[in-house]
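Have a look at the structure below, then the notes.
Convention: sequence-line order gives letters A, B, ...; per-chain numbering from 1.
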Protein chains: 2
Amino acid sequence: MSNSRFAISLHILTLLERAKGGLLSSEFMAGSININPVLVRKELSNLRNHGFVDSKEGKNGGSYLSKSAKEINLADIYKAVKQNNLLGISKNTPNPQCSVGKQMNTHLNNLYNSTEQALLKELSSQTLADFSNRFD
Amino acid sequence: MSNSRFAISLHILTLLERAKGGLLSSEFMAGSININPVLVRKELSNLRNHGFVDSKEGKNGGSYLSKSAKEINLADIYKAVKQNNLLGISKNTPNPQCSVGKQMNTHLNNLYNSTEQALLKELSSQTLADFSNRFD
DNA sequence: CATACTGTAATTAAAATTATTACAGTACAA
DNA sequence: TTGTACTGTAATAATTTTAATTACAGTATG
């Protein structure tokens with residue numbers, strides 16, 4: 001993952017956890033993260049689709065956690081934002097006429113899968129509550 | 001890591017391992033990987049600096065593994081190409097006036113470090129020889 | 001019904017990645 | 001001893017990805 005979606009989502013979720021049910025606006029969260037509010041709303045849209053948050057429209061609206069922070073582990077968040085492979089892109093197409101090239105993506109993907117498993121295992125050992133509690 | 005440096009380096013090293021000491025030109029390897037030869041030479045430069053390969057200049061020149069594929073594990077390769085954090089960039093600077101924002105990068109980096117340890121542990125369980133032997 | 005939000009699309013800007021061009025240096029081989 | 005085929009590296013251009021911005025319709029509140 002080269003973009004900062006994981007960090008943004010985790011930041012959003014940490015803010016919401018610490019708000020203890022209070023609604024936070026995308027503008028407020030964008031100010032804390034230091035990014036554009038529209039990006040926050042896009043991430044919220046994704047987090048909503050994954051059942052982590054809910055939002056209330058209209059004046060005095062905002063977002064809040066829709067499940068307990070103890071029930072969200074960091075692997076869940078990773079899965080929700082993940083798009084590429086961990087170690088790089090597979091978009092490259094090696095030469096199919098080369099005996100190594102034509103098999104490379106298969107072996108690379110196998111490798112990516114096993115490393116991703118290791119990553120997920122590590123991430124799943126921590127919940128959002130654990131993470132949030134490290135803040136003063 | 002968003003770029004494909006790990007995949008390129010592993011591809012190069014796999015080709016060299018299977019060449020069994022024979023010299024391969026950057027042009028040949030670029031053809032197998034399907035990228036520009038200059039990129040291959042840049043990666044070779046890095047791999048050389050890390051002691052994995054050596055190159056011979058001039059006509060009929062090329063590159064070859066400078067240590068046994070059994071003595072190179074995939075974590076070594078990862079470390080040689082790594083530049084960013086695994087889960088995203090830390091270049092973002094959250095708002096230092098926000099109690100969450102000002103501590104975010106510290107906690108994020110701690111998390112990144114622990115996930116990287118998990119990744120390295122997994123990668124270190126396989127050598128370049130293991131990887132290469134999976135090819136027909 | 002003015003205000004302050006969300007939701008989302010479209011566009012622009014910026015940053016990162018990759019490709020290309022260029023060329024000096026080196027070794028081989030005729 | 002000279003043409004050829006490489007490496008090594010810098011500089012630049014092209015492409016792709018990421019992030020910011022603009023715009024605006026929709027919604028809830030007071």
Taking only N/O atoms, report every protein-nucleotides 3-5 of chain D pair under 3.5 Å with atom names and distance.
from   : atom 1 : to       : atom 2 : distance (Å)
dA5(D) : N3     : Lys59(B) : N      : 3.3

Starting at the 5' end of DNA chain D, which residue's closest nucleotide do you reach first, Gly62(B) or Lys42(A)? Gly62(B)
In this structure, how many angstroms lie between the P atom of dG7(C) and the CG atom of Leu44(A), rounded? 7 Å
Would you please name every residue forming a side-chain contact (heavy atoms from CB on, under 4.5 Å) with Leu39(B), sequence neighbours left out? Ile8(B), Ile35(B)
The side chain of Arg48(B) is closest to which nucleotide in this list: dT9(D), dC28(C), dT8(C)? dT9(D)
Between dT8(C) atom C1' and Glu43(A) atom CD, what is the distance in whole Å? 14 Å
Cys98(A) versus Leu15(B): any side-chain heavy-atom pair under 4.5 Å? yes
Hey, can you pull the residues of residues 9-34 of chain B with a non-hydrogen atom under 4.0 angstrom from DNA chain D? Ser25(B), Ser26(B)
For dA19(D) and Ser4(A) - does any side-chain N or O of the residue sit under 4.0 Å from the phosphate oxygens OP1/OP2? yes
Nearest-angstrom distance from the residue atom NZ of Lys56(A) to C1' of dG7(C): 16 Å
To the nearest angstrom, how far is Leu47(B) atom CG from dG8(D) atom C1'? 15 Å
Any residue meeting side-chain hydrogen bond (donor to acceptor under 3.5 Å, both in side chains) with Ser25(B), in chain and number order, not counting sequence neighbours: none
Counting side-chain heavy atoms from C-beta on, which of dT8(C), dG8(D), dA20(D) comes nearest to Arg41(A)? dT8(C)
Just how far, in rounded Å, is C1' of dA19(C) from CZ of Arg5(B)? 16 Å
Leu39(A) CG to dT22(D) P: how many Å, rounded? 14 Å
Using a 4.5 Å cut-off between side-chain heavy atoms of Ile, Leu, Val, Met, Phe, Trp and Tyr, which other residues end up in the same hydrophobic cluster as Val38(B)? none
Hits for side-chain contact (heavy atoms from CB on, under 4.5 Å) against Lys56(A), two or more places apart or cross-chain, chain-then-number order -> Leu23(A)
Given atom CG of Asn92(A) and atom C1' of dT18(C), what is their separation to the nearest angstrom? 11 Å
Glu57(A) has a side chain; which of dT8(C), dT27(D), dG8(D) sits nearest to it? dT27(D)
Rounded interatomic separation in angstrom, taking CD1 from Ile35(B) and P from dT16(D): 16 Å
List for me each residue that meets ring-ring contact (aromatic ring centres under 6.0 Å, His included) alongside Phe135(B), sequence neighbours excluded, and say none if there are none. His107(A), Phe131(B)
How would you list all residue pairs meeting ring-ring contact (aromatic ring centres under 6.0 Å, His included) that involve residues 11-40 of chain B, not counting sequence neighbours? none
Consider the side chain of Ser45(B), meaning its heavy atoms from C-beta on, and name the nucleotide among dA28(D), dT9(D), dC28(C) that approaches it most closely. dT9(D)
Non-neighbouring partners of Arg48(A) that pass side-chain hydrogen bond (donor to acceptor under 3.5 Å, both in side chains), sequence neighbours left out: Ser55(A)
Say whether Thr115(B) and Glu122(A), considering side chains only, have a donor N or O and an acceptor N or O under 3.5 Å apart. no
